[in-house]
Amino acid sequence: MNLPRARHRWNISPKKAVLLQRRLASEVMDTPLESPPRRVAGGDVSVTQDGSGLIAGWVVWDVKNATVLETVVARQPARFPYVPGLLSFREAPSLIAAARKLVCEPDVFMMDGQGLAHPRRFGIACHFGVLIDRPTLGCAKSRLCGIHDTPADAVGASKPLHHEGQLLGRVVRTRPGVNPVYVSIGHRIALADAIRLTLKCCTKFRLPEPCRLAHQLVTKVRMNAP
DNA sequence: GCGACAG
DNA sequence: ATCTTGTCGC
């Protein structure tokens with residue numbers, strides 16, 4: 001992939017990281033996808049036992065044929081701690097490094113974490129999306145901020161996620177009897193597109209296939225190379 | 001001051 | 001996120 005050049009450093013203080021988020025958040029674009037997505041990349045990051053290394057990976061999923069088109073991984077030292085609200089400063093660098101290895105051009109990138117559903121409206125899906133200038137969406141397994149009702153126990157049921165008077169995303173039931181996921185836009189996508197695509201990629205499990213397979217990928221790589 | 005807090 | 005045993009259900 002031919003990605004844009006780096007726009008800022010990553011080894012900055014949490015204080016400056018927050019300021020950077022506020023500045024870049026204005027660049028997020030809430031716009032419909034230009035065409036029905038066919039190649040969807042799911043990304044995830046695993047951490048080594050001692051917590052010093054990160055392994056990021058992407059799995060490109062063909063939604064039409066339900067097949068894997070490509071997989072890539074990248075290893076990097078962990079240079080930023082996990083701080084709620086600043087996840088992208090810890091994981092995005094490795095995810096970008098891995099994305100640079102992709103040969104194909106995904107139509108959308110699905111991130112394991114929040115997008116707009118963030119205290120400053122700039123979760124990892126927004127940050128990654130703005131930096132690489134590609135359509136992205138956030139599909140998190142739990143809540144970071146906001147309030148919502150419990151969606152009905154049926155596939156596709158959902159409830160809005162609100163925070164400070166704004167609609168940040170939707171809590172979506174992807175499987176009956178299991179916890180819903182938190183879907184929000186990352187960049188260059190509309191919430192309706194994000195939800196539709198998330199559901200379309202959920203075939204047999206709670207998480208959409210691209211994300212689930214990416215999680216398996218980085219976990220296995222970590223096991224086979226401490 | 002206290003609880004909450006993506007991965 | 002990672003660690004970690006058994007357990008319930010299809």
Side-chain angles (χ1 to χ4, degrees), chain A residues 10 14 17-18 20-21 24-25 28 42-59 73-98 109-130 136-148 153 155 161-164 166 168-172 174-187 191 194 198 203-208 210-226:
Chain A
W10 291 102
V18 169
L20 184 57
Q21 290 183 320
L24 294 177
V28 169
D44 194 28
V45 175
S46 71
V47 185
T48 56
Q49 290 189 319
D50 60 11
S52 67
L54 301 182
I55 297 163
W58 288 101
V59 170
V73 296
R75 302 197 50 149
Q76 279 193 357
R79 312 175 193 197
F80 201 94
Y82 168 68
V83 179
L86 299 179
L87 177 66
S88 61
F89 289 87
R90 176 176 175 77
E91 302 191 343
S94 59
L95 285 167
I96 291 175
F109 288 79
M110 296 186 60
M111 317 285 299
D112 181 18
Q114 315 289 351
L116 247 209
H118 177 279
R120 292 169 292 283
R121 315 293 182 261
F122 203 64
I124 188 169
C126 296
H127 200 159
F128 177 89
V130 166
T136 61
L137 69 88
C139 180
K141 298 182 291 300
S142 61
R143 184 190 69 90
L144 172 59
C145 69
I147 57 176
H148 65 84
D153 193 20
V155 175
L161 175 65
H162 287 102
H163 184 56
E164 299 173 338
Q166 296 176 26
L168 301 188
R170 290 191 75 92
V171 186
V172 183
T174 57
R175 295 290 295 171
V178 297
N179 291 156
V181 296
Y182 294 73
V183 181
S184 60
I185 69 164
H187 184 51
L191 181 56
T198 295
T203 56
K204 297 183 175 67
F205 306 93
R206 178 199 181 202
L207 298 180
C211 289
R212 193 181 70 81
L213 293 173
H215 186 272
Q216 285 188 346
L217 174 66
V218 296
T219 298
K220 287 177 181 175
V221 168
R222 172 169 55 78
M223 301 293 277
N224 297 323

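Per chain, numbering begins at 1; letters A, B, ... match sequence-line order. These figures come from a predicted structure and were not determined experimentally.
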Would you mind classifying the nucleic acid contact of [X] as base, sugar-phosphate or nothing, using non-hydrogen atoms under 4.0 angstrom?
X         : result
Gly85(A)  : base
Leu95(A)  : nothing
His127(A) : nothing

With [X], which residues qualify under side-chain contact (heavy atoms from CB on, under 4.5 Å), at least two apart?
X         : result
His148(A) : Arg143(A), Leu161(A), Val171(A), Tyr182(A)
Pro14(A)  : Phe80(A), Leu86(A)
Val172(A) : Ser158(A), Arg170(A), Thr174(A), Val181(A), Val183(A), Ile195(A), Leu199(A)
Ser46(A)  : Ile55(A), Val218(A), Arg222(A)

Stem ranges for DNA chain B, with three or more consecutive Watson-Crick or G-U pairs under 3.5 Å?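 None - DNA chain B has no stem of 3 or more consecutive pairs.
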Residue list, side-chain hydrogen bond (donor to acceptor under 3.5 Å, both in side chains) with Thr203(A), at least two apart or on another chain: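 Testing Thr203(A) for side-chain hydrogen bond (donor to acceptor under 3.5 Å, both in side chains), a comparison that skips the adjacent residues, returns none.
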Under the rule for side-chain hydrogen bond (donor to acceptor under 3.5 Å, both in side chains), what residues qualify as partners of Arg212(A), not counting sequence neighbours?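 For Arg212(A), the residues satisfying side-chain hydrogen bond (donor to acceptor under 3.5 Å, both in side chains) (neighbours in sequence not counted) are Glu209(A).
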Nearest atoms (heavy-atom pairs only) where Ala78(A) meets Arg90(A):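 So the two residues come closest at CB-NH1, 4.0 Å.
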Atom of Ser94(A), atom of Ala74(A) and distance for their closest heavy-atom approach: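 Of all heavy-atom pairs spanning Ser94(A) and Ala74(A), the closest is O-CB, 4.1 Å.
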Side-chain heavy atoms of [X] within contact of [Y], under 4.5 Å:
X         : Y         : result
Leu168(A) : His162(A) : no
Thr48(A)  : Arg75(A)  : yes
Phe89(A)  : Leu20(A)  : yes

Span of DNA chain C in contact with chain A (heavy atoms, under 4.0 Å):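 It runs dA1(C) to dC3(C).
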First and last nucleotide of DNA chain B in contact with chain A, 5' to 3', at under 4.0 Å to a heavy atom: what are they?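 With heavy atoms of chain A under 4.0 Å away, the range is dA4(B) to dG7(B).
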Can you give the dot-bracket line for DNA chain C, where a pair is Watson-Crick or G-U wobble with both atom distances under 3.5 Å, crossing pairs use [ ], and | marks a partner on another strand? ..........
To the nearest 0.5 Å, tell me how far Glu91(A) CD sits from Gln76(A) CD.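 So the gap between those two atoms works out to 11.5 Å.
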Please check: side-chain N/O of Trp58(A) versus main-chain N/O of Ala98(A), any donor-acceptor pairing under 3.5 Å?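 Here the side-chain-to-backbone pair does not exist.
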Just by modelled atom types, is the Gly177(A) backbone N or O under 3.5 Å from a matching donor or acceptor in the Asp153(A) side chain?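 Confirmed, Asp153(A) side chain pairs with Gly177(A) backbone.
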For DNA chain B, the residues among residues 116-125 of chain A that have a non-hydrogen atom under 4.0 Å from it: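 DNA chain B contact set from residues 116-125 of chain A: His118(A), Gly123(A), Ile124(A).
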Could you tabulate the donor-acceptor pairs under 3.5 Å formed by side-chain atoms of residues 112-130 of chain A, not counting sequence neighbours?
| residue | atom | partner | partner atom | Å |
| --- | --- | --- | --- | --- |
| Asp112(A) | OD1 | Lys141(A) | NZ | 2.9 |
| Asp112(A) | OD2 | Lys141(A) | NZ | 3.3 |
| Gln114(A) | NE2 | Ser142(A) | O | 2.7 |
| His118(A) | ND1 | Arg120(A) | N | 2.9 |
| His118(A) | ND1 | Phe122(A) | N | 3.3 |
| His118(A) | NE2 | Gly85(A) | O | 2.8 |
| Arg120(A) | NE | Gln21(A) | OE1 | 2.6 |
| Arg120(A) | NH2 | Gln21(A) | OE1 | 2.8 |
| Arg120(A) | NH2 | Gly85(A) | O | 3.4 |
| Arg121(A) | NE | Gln166(A) | OE1 | 3.1 |
| Arg121(A) | NH1 | His118(A) | O | 2.8 |
| Arg121(A) | NH1 | Pro119(A) | O | 3.3 |
| Arg121(A) | NH2 | His163(A) | O | 3.4 |
| Arg121(A) | NH2 | Glu164(A) | OE1 | 3.1 |
| His127(A) | ND1 | Ser88(A) | OG | 2.8 |
| His127(A) | NE2 | His8(A) | NE2 | 3.0 |

